[in-house]
Amino acid sequence: MTLRTRFAPSPTGQVHIGNLRAAIFNWLFTRHAGGEFLLRIEDTDRERSTPEAVQAVLNAMQWLGLTTDGEALYQSTRREAHLAAAETLLQSGHAYKLDKGGTGKGEAVLFKMPGTDMAFRDLIKGDLHKAAADLPDFVIVRSDGNPVFHLANVVDDIHMGITHVIRGDDHVENTYRHVALYQALGAPVPRFAHLPMIVNAQGKPYSKRDGAAYVGDFRDKGYEPDALFNYLALLGWNPGDDREVMPREELVAAFSLDRVQSKAAQFDFRKFEWMNAEYLKRLPPDSYRARFRRELEESKLLPADISENYLDSVSSLLRERIKSWPETTLQAGYFFTEHYSFDPDAVRKRLKKEGAPELLAALREAFSALPNFDAASTETALRALAETRGVNASELIHPLRVIVTGQPGGPSLFHLLEVIGRERVLARMARPIPA
RNA sequence: GUCCCCAUCGUCUAGAGGCCUAGGACACCAGGUUUUCAUCCUGGUAACACGAGUUCGAAUCUCGUUGGGGACGCCA
């Protein structure tokens, strides 16, 4: 029998990282075992399910590289099968009709629990039990004729041949009902694994109030999908050794459910950002360049007539310093416009300093006399001037950086001067000190 | 309220009776490298919730306490 798992989101909004992690764990587990990973869209809640939300699920999975086997199954197309199962249960005496509480709305179909204590072995939490008294009968078909989640879920899992149900912690209590349904339907009971939740600093379920909570948030903020994947894989699971930055194949090879934590984990944004930076560093040069270009275009920083050479130079200067794309493009502005902004603190500290304007003027003079304007030449000239004036080189370096870039920090100064070029550098050095 | 689950540095975690004066990573602090910021290198602060028991020996096993979380829908 083929090992088969599924991700069964209900498309009622954006994809939450908790759900995403469930998908990731399912995927990792399945790929490790060489089984099949299926997608089922639980769109039976007509009120809340939307096509946009379905698309969000699909987009999220594609962005993260969560490949599925076969077509997605839409639960709304399975209504007849759900109802047929209810009929079967009615016939076999496992279910009965009841006007619960005398609503007058008609009769609902209730599933009759076995009336015995129940137990199942969770692949993550171990042996779980529940007393019969705590396992009441429950509705499987509403009085309006619509099947309820528990029924639909189990019937579809049987239909799809799901062997391992890996889902969120919040379904633990439902599992007894589900097990009873499988048994009453005469179907083999799958293995269950319940993932602990992702919580915020207060120990409550992580929500949008705690920061980026939806997959789309991470994509919009320019984070790397592989970094999110890796970080989430490590939230509640570890390979058993010290590895943390792990390529997809390594994650697949190392994954096992018995190393999944049974306690909730807190999403640590700082560690995630570190992970993201690790992935950025490892980006192959050509993908880095393509991404850099795209980011610039999207933030409207890129002039139409820019030369590929110039773009190349800028991207390699910024490359070694990037932590995130937004941060990078924020730093890139002054390479493409003369209307770059000035950091007020830097201006005050470096340009409004006594003697700075005069030193800058002298330096400008020295720069214009240079036969070549490469990094080595400007550095030599600057240090020579410092020597002559009897000041520390940094007395020239800092004001120079601020007047040319507007920023207190940045890439190697002499190299960026070379990239920007003599003409523009001299022009910038001659501009009045910003207020 | 009832039922269930959980409990190692601030955070993610290693640890399945002696290898633990508890290891790694992020964050933080200090020093070094650097023209700056970042990177990078070195070092440091920091945890077994508490109490009983079992044992020659407990972070690891048992019980209790406390704390936290989840589920209790004709939602999914």
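First the proteins, then the strands, lettered A, B, ... as listed; each starts at 1. Remember, it's a predicted structure, so these values are computed and weren't measured experimentally.
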- Is there a donor and acceptor pair, one atom on the side chain of A:Lys271 and one on the base of B:A27, closer than 3.5 Å? no
- Message: I'd like the P distance from B:C28 over to B:G10, given in whole Å.
- Response: 16 Å
- Task: Could you check whether A:Ser412 gets within reach of a base, just the sugar-phosphate, or nothing at all, counting any heavy atom under 4.0 Å?
- Result: base
- Task: Report yes if at least one side-chain N or O of A:Lys125 is closer than 4.0 Å to OP1 or OP2 of B:C4; otherwise report no.
- Result: no
- Return no unless some side-chain N or O of A:Asn238 is found under 4.0 Å from OP1 or OP2 of B:A14. yes
- Query: With rounding to whole Å, what would you report as the distance between B:U62 and B:A16 at their P atoms?
  - Reply: 16 Å
- Phosphate contact (B:A14 OP1 or OP2) by A:Gln261 side-chain N/O below 4.0 Å: yes
- Query: Atom NE2 of A:His178 and atom P of B:A76: how far apart are they, to the nearest Å?
  - Reply: 11 Å
- Message: At 4.0 Å (heavy atoms only), tell me whether A:Ile140 reaches a base, stays on the sugar-phosphate, or touches nothing.
- Response: nothing
- Message: Taking the P atom in each of B:U60 and B:C6, what is the distance between them to the nearest angstrom?
- Response: 15 Å
- Message: Tell me whether the side-chain N/O atoms of A:Arg40 come closer than 4.0 Å to OP1 or OP2 in B:A76.
- Response: no
- Query: Are A:Tyr288 and A:Trp325 near enough that their ring centres are under 6.0 Å apart?
  - Reply: yes
- Message: Under a 3.5 Å cut-off for both contacts, is B:U55 paired Watson-Crick or G-U wobble with anything, and if yes, with which nucleotide?
- Response: none
- What is the distance from CZ of A:Arg78 to P of B:A76, rounded to the nearest Å? 16 Å
- So which one's nearest nucleotide on RNA chain B is more toward 5', A:Gln202 or A:Gly236? A:Gly236
- Query: With side chains defined as the heavy atoms from C-beta onward, is the minimum distance between A:Leu66 and A:Leu20 less than 4.5 Å?
  - Reply: yes
- Roughly, in whole Å, what's the span from CZ in A:Phe138 to P in B:A76? 13 Å
- Item | Contact under 4.0 Å: A:Lys281 side-chain N or O vs B:U39 OP1/OP2 | no
- Item | Side-chain-base donor-acceptor pair under 3.5 Å for A:Ser143 and B:C74 | yes
- Between B:A14 and B:A30, how far is it from one C1' atom to the other, in whole Å? 27 Å
- Query: Ring centroid separation for A:Phe267 and A:Tyr231, is it under 6.0 angstrom?
  - Reply: yes
- Query: Does the side chain of A:Arg167 get closer than 4.0 angstrom to OP1 or OP2 of B:A76 through an N or O atom?
  - Reply: no
- Message: Whether A:Arg350 contacts B:U36 is assessed here as follows: a side-chain N or O lying under 4.0 Å from the phosphate OP1 or OP2. Is that the case?
- Response: no
- Item | Euclidean distance for P, B:C26 against B:C61 (whole angstrom) | 30 Å
- Please state the P separation for the pair B:C29 and B:A38 - nearest whole angstrom. 11 Å
- Item | Lys/Arg-Asp/Glu bridge criterion (N-O < 4.0 Å) met for A:Lys281, A:Glu278 | yes
- Message: Which is more 5' along RNA chain B, the nucleotide nearest A:Pro205 or the one nearest A:Pro9? Just name the residue.
- Response: A:Pro205
- Query: What about A:Phe149 and A:His178, are their ring centers closer than 6.0 Å?
  - Reply: yes
- Item | d(CE, A:Met246; C1', B:C12) in whole Å | 15 Å
- Taking C-beta and beyond as the side chain, do A:Glu273 and A:Tyr223 meet within less than 4.5 Å on heavy atoms? yes
- Paired to B:G67 by Watson-Crick or G-U wobble criteria (both distances under 3.5 Å) is B:C6
- Rounded to whole angstrom units, what separation is found between the CZ atom of A:Arg259 and the P atom of B:A14? 6 Å
- Taken to the nearest whole Å, CZ/A:Phe149 to C1'/B:A71 is 13 Å
- Euclidean distance for C1', B:A25 against B:C3 (whole angstrom): 38 Å
- Message: I need the NE2-C1' distance between A:His171 and B:G73, as an integer number of Å.
- Response: 14 Å
- Nearest-Å distance once atom C1' is located in both B:G43 and B:G57: 34 Å
- Would you please classify the geometry between the A:Phe272 ring and the A:Phe269 ring as parallel, tilted or perpendicular, with 30° and 60° separating the classes? perpendicular
- Message: Using a 4.0 Å heavy-atom cut-off, does A:Arg243 contact any base of the nucleic acid, only the sugar-phosphate backbone, or nothing at all?
- Response: nothing
